[in-house]
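Just so you know, ligand 1 is whichever comes first in the structure, and atom 1 is the first atom listed for that ligand.
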Amino acid sequence: MIQPLFEVVDLSKRYGDTTVVNQLSFSIAPGECLGVIGPNGAGKTTTIRMCLGLTSPDSGSIRYFPNGQGASLAMPQDALAIKAQLGIVSQFDSLDPDFSCAENLLVFGRYFGLKDAVIRERIPKLLEFAALTHKADAKLSELSGGMKRRLSLARALVNDPQLLLLDEPTTGLDPQARHLMWERLQRLVQQGKSILLTTHFMDEAERLCNRLLVLDHGKKMTEGTPRDLIARNLEPDVVEVYGAGALALVESPQHAQLRAMAARVEVSGETVFFYTADAKGLLAALTDHPELRTLHRPANLEDLFLKLTGRQIREAA
Ligand code: ADP
């Protein structure tokens with residue numbers, strides 16, 4: 001096991017009688033993107049806040065190994081030294097509306113004690129990275145949501161951090177803006193940066209993350225590469241069935257044989273999900289029901305997420 005860049009061991013946090021983060025351990029290697037996924041209230045934001053020294057844990061350790069080697073720094077004792085090596089994009093943009101794009105980068109760089117000359121040299125590259133060169137002097141009110149998110153990312157890079165903490169970096173963006181953001185995040189990982197990312201989008205998690213940690217009720221449910229997690233926990237194929245009468249397939253005794261072709265059957269709203277290793281047989285049997293519509297697809301991360309955390313809606317915590 002190579003030396004991690006960042007390591008969390010047995011981290012716990014309680015609010016009143018509720019344990020919102022429960023003995024959580026994980027590590028991030030240099031050049032790795034770790035995704036933390038979980039329903040609302042799972043403890044993702046609290047975990048990130050503890051990693052940033054904004055919330056103090058009840059127990060456990062958070063350590064950062066500069067350059068992925070040697071002596072470690074510990075949160076919260078070495079909070080300033082650790083933060084100097086972190087880049088942060090929080091859920092809500094905290095850019096300064098009175099400044100232009102370039103000025104936002106300059107002002108933020110000064111927080112790290114960087115000399116203006118150093119920051120000014122970095123600004124064109126950061127703007128280019130954010131696809132905002134043409135907006136260098138534009139005020140924030142002239143930027144789209146996607147542009148603001150990219151400026152937040154550029155700002156998080158001003159101190160040339162080794163580790164980026166990104167809390168739902170693409171929430172609220174349209175598909176084009178998300179794809180551009182993904183492309184930029186992939187570039188950062190290719191450059192050797194490490195990323196800790198929370199997201200509600202399973203396609204985002206599957207694309208960007210080398211490794212995923214599924215969190216629920218503050219506890220780690222499982223951890224692994226997206227492909228491994230799917231292969232370990234799910235049948236390879238899913239047949240979705242919907243249309244009038246689909247729900248009868250789940251209950252009626254006359255469809256027992258059809259159901260037996262699936263390892264697991266789930267219902268969500270009007271749709272029945274058959275998880276199966278025999279999609280061919282199942283689809284052949286379903287041709288007896290021309291009134292139903294079917295969709296055959298490989299099992300994906302969303303299926304895994306719903307299997308582990310359930311299909312019931314969690315209201316925003
Ligand atoms: P997530 O980011 O996964 O949605 P959070 O970390 O925001 O989850 O919240 C986890 C749980 O901790 C929730 O039940 C939330 O209500 C509770 N919580 C978070 N912050 C506080 C706080 N400052 N005081 C009391 N409870 C809190």
Side-chain angles (χ1 to χ4, degrees), residues 6-28 33-64 75-76 79 82-83 86-94 145 149 152-153 156 163-173 178 181-182 185 194-224 226 229 233 301-317:
F6 193 74
E7 187 180 56
V8 165
V9 178
D10 288 340
L11 196 64
S12 291
K13 178 72 187 174
R14 285 165 40 140
Y15 285 115
D17 290 339
T18 314
T19 303
V20 298
V21 175
N22 197 345
Q23 298 275 301
L24 183 64
S25 299
F26 62 86
S27 63
I28 305 172
C33 179
L34 174 71
V36 179
I37 56 179
N40 284 327
K44 303 180 294 294
T45 303
T46 307
T47 301
I48 288 216
R49 285 181 61 84
M50 289 193 282
C51 292
L52 292 173
L54 297 172
T55 295
S56 44
D58 293 326
S59 58
S61 71
I62 300 168
R63 290 192 302 158
Y64 180 85
M75 193 64 95
I82 294 180
K83 279 197 216 173
L86 296 182
I88 299 152
V89 177
S90 51
Q91 262 178 46
F92 305 103
D93 292 314
S94 57
R149 293 261 84 189
S152 292
L153 180 61
L163 174 62
L164 286 154
L165 300 184
L166 311 176
D167 200 2
E168 297 188 27
T170 67
T171 294
L173 299 188
R178 286 177 74 208
M181 191 77 169
W182 288 346
L185 295 177
S194 299
I195 295 180
L196 173 63
L197 171 108
T198 74
T199 182
H200 282 297
F201 301 113
M202 295 304 122
D203 52 345
E204 178 165 301
E206 198 161 351
R207 256 164 217 259
L208 296 180
C209 302
N210 310 100
R211 209 151 46 85
L212 288 172
L213 188 159
V214 185
L215 194 67
D216 200 9
H217 304 295
K219 275 197 149 164
K220 190 197 300 184
M221 310 283 292
T222 187
E223 189 179 0
L229 288 180
N233 290 282
L301 207 53
E302 187 139 340
D303 297 310
L304 171 82
F305 184 81
L306 293 170
K307 181 179 180 189
L308 293 179
T309 65
R311 286 188 181 270
Q312 74 281 16
I313 290 174
R314 312 268 177 96
E315 298 302 343

A.B. asks: Indicate the atoms forming the closest heavy-atom contact of Thr199 with Ile37, along with that distance.
C.D. replies: O-CG2, 3.7 Å

A.B. asks: Indicate the atoms forming the closest heavy-atom contact of Pro39 with Phe305, along with that distance.
C.D. replies: N-CZ, 3.5 Å

A.B. asks: Around atom CD of Gln23, are there more than 12 heavy atoms of other residues, nucleotides or ligands at under 6.0 Å?
C.D. replies: yes

A.B. asks: Run the numbers on Ser90 and Asp167 for side-chain hydrogen bond (donor to acceptor under 3.5 Å, both in side chains), then give the verdict.
C.D. replies: CA-CA 5 Å; Ser90 51; Asp167 200 2; over 6 Å; no

A.B. asks: As an exercise, identify every atom of ligand 1 less than 4.0 angstrom from a heavy atom of Asn40.
C.D. replies: 4 (O)

A.B. asks: Could you tell me whether the side chains of Thr309 and Asp216 share a donor-acceptor contact shorter than 3.5 Å?
C.D. replies: no

A.B. asks: Does ligand 1 come near enough to Thr47 that some N or O of the ligand is less than 3.5 Å from an N or O of the residue?
C.D. replies: no

A.B. asks: What are the two closest heavy atoms between Leu213 and Ser25, and how far apart are they?
C.D. replies: CD1-O, 4.5 Å

A.B. asks: Give the atom numbers and elements of ligand 1 that come within less than 4.0 Å of a heavy atom of Ala42.
C.D. replies: 1 (P), 3 (O), 8 (O)

A.B. asks: Just to check, does Gly38 reach to within less than 4.0 Å of ligand 1 when the distance is taken from its heavy atoms?
C.D. replies: no

A.B. asks: Does ligand 1 have any atom that is closer than 4.0 Å to a heavy atom of Pro39?
C.D. replies: yes

A.B. asks: Flag Thr46 as yes when one of its N or O atoms lies below 3.5 Å from any N or O atom of ligand 1, and as no otherwise.
C.D. replies: yes

A.B. asks: Just which atoms of ligand 1 are under 4.0 Å from any heavy atom in Val20?
C.D. replies: 11 (C), 12 (O), 17 (C)

